[in-house]
Amino acid sequence: MTEETPEDGSSGLGERERAVLAVERRSWPGPGAKERAVREGLGLSPTRYYQLLNALLDDPRALAHDPVTVNRLRRVREERQRRR
C-alpha cells in the first residue's frame, strides 16, 4: 500500500465522506430523489451535503478513494465556474 492509503483500504476518509461519494456515484431517476436520499440516508440537509461534497473534491484522500467520481465532479465544477 502507498503512504496515502491505509492498509485497511479506507483511504483515510471517514464513513460520512465515503457515503457522500457513494451518493455521487449513483444515477438518480428524477428531481428530488437525490435530495431525499441525502436527507433520509445521510441525515444531512442538501446545503450541508453540497458543502461537504465541495470540500471533498479538494481532498487528496477522496481522489485516492474514488478517482473517477472525484475527477468527473471536478470537471463539472470547473465548467460551472467558467460559465459564471
Side-chain angles (χ1 to χ4, degrees):
M1 295 253 128
T2 67
E3 187 175 310
E4 295 175 2
T5 306
E7 291 191 26
D8 65 2
S10 69
S11 71
L13 292 177
E15 185 176 329
R16 177 179 278 181
E17 289 89 358
R18 290 191 305 271
V20 166
L21 290 174
V23 166
E24 289 301 316
R25 275 193 301 274
R26 290 190 52 195
S27 62
W28 298 95
K34 180 174 167 182
E35 286 75 13
R36 192 167 34 259
V38 165
R39 285 187 189 280
E40 295 171 5
L42 300 177
L44 297 171
S45 71
T47 300
R48 183 65 184 138
Y49 171 82
Y50 286 110
Q51 289 171 340
L52 289 171
L53 176 61
N54 195 47
L56 271 175
L57 296 184
D58 297 323
D59 189 329
R61 297 171 305 158
L63 182 62
H65 177 74
D66 191 346
V68 172
T69 301
V70 171
N71 282 323
R72 176 180 56 83
L73 293 170
R74 283 178 175 179
R75 285 190 303 273
V76 169
R77 180 175 70 177
E78 289 166 5
E79 180 60 31
R80 285 185 181 145
Q81 289 172 343
R82 272 196 293 273
R83 290 181 189 168
R84 290 182 185 163

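Position 1 is the first residue of the sequence; numbering continues from there. Because the structure is a prediction, the values reported are computed rather than measured.
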*Is the CZ atom of Arg80 crowded by more than 12 outside heavy atoms at less than 6.0 Å?*
no

*State yes or no: do Val76 and Val38 share one hydrophobic cluster built from I, L, V, M, F, W and Y residues joined by side-chain heavy-atom distances below 4.5 Å, directly or via other members?*
no

*What closest approach, in Å, do Ala62 and Leu21 show between heavy atoms, and which atom pair accounts for it?*
CB-CD1, 4.1 Å

*Where do Arg61 and Gly12 come nearest, in terms of heavy atoms and distance?*
NH1-O, 2.8 Å

*Go through the side-chain N and O atoms of Arg84 and Gln81 and say whether any donor and acceptor fall under 3.5 Å apart.*
no

*So, do Leu73 and Leu56 sit near enough that their side-chain heavy atoms are less than 4.5 Å apart?*
no

*Minimum heavy-atom distance between Ser45 and Arg39, given as atom pair plus value*: CA-NH1, 4.1 Å

*Can you tell which of Glu78, Arg77, Glu24 makes a side chain to side chain contact (heavy atoms under 4.5 Å, CB included) with Leu57?*
Arg77

*Specify the closest pair of heavy atoms between Ala37 and Trp28, including all atoms of both residues, with the distance to one decimal.*
CB-CH2, 3.5 Å

*Are Arg83 and Glu79 ion-paired here, with the side-chain N under 4.0 Å from a carboxylate O?*
yes

*If we only count heavy atoms from C-beta on, is the Leu53 to Val23 side-chain gap below 4.5 Å?*
no

_For a 4.5 angstrom cut-off between non-hydrogen side-chain atoms, does Glu15 reach Arg18?_
yes

*asked:* Just so I know, are the side chains of Glu17 and Leu52 near enough to count as touching, which here means a heavy-atom distance under 4.5 Å?
replied: no

*Take atom CZ in Arg72; do more than 12 heavy atoms of anything else shown fall under 6.0 Å from it?*
yes

*For the student: nearest non-hydrogen atoms of Tyr49 and Leu44, plus distance*: CA-CD1, 4.2 Å

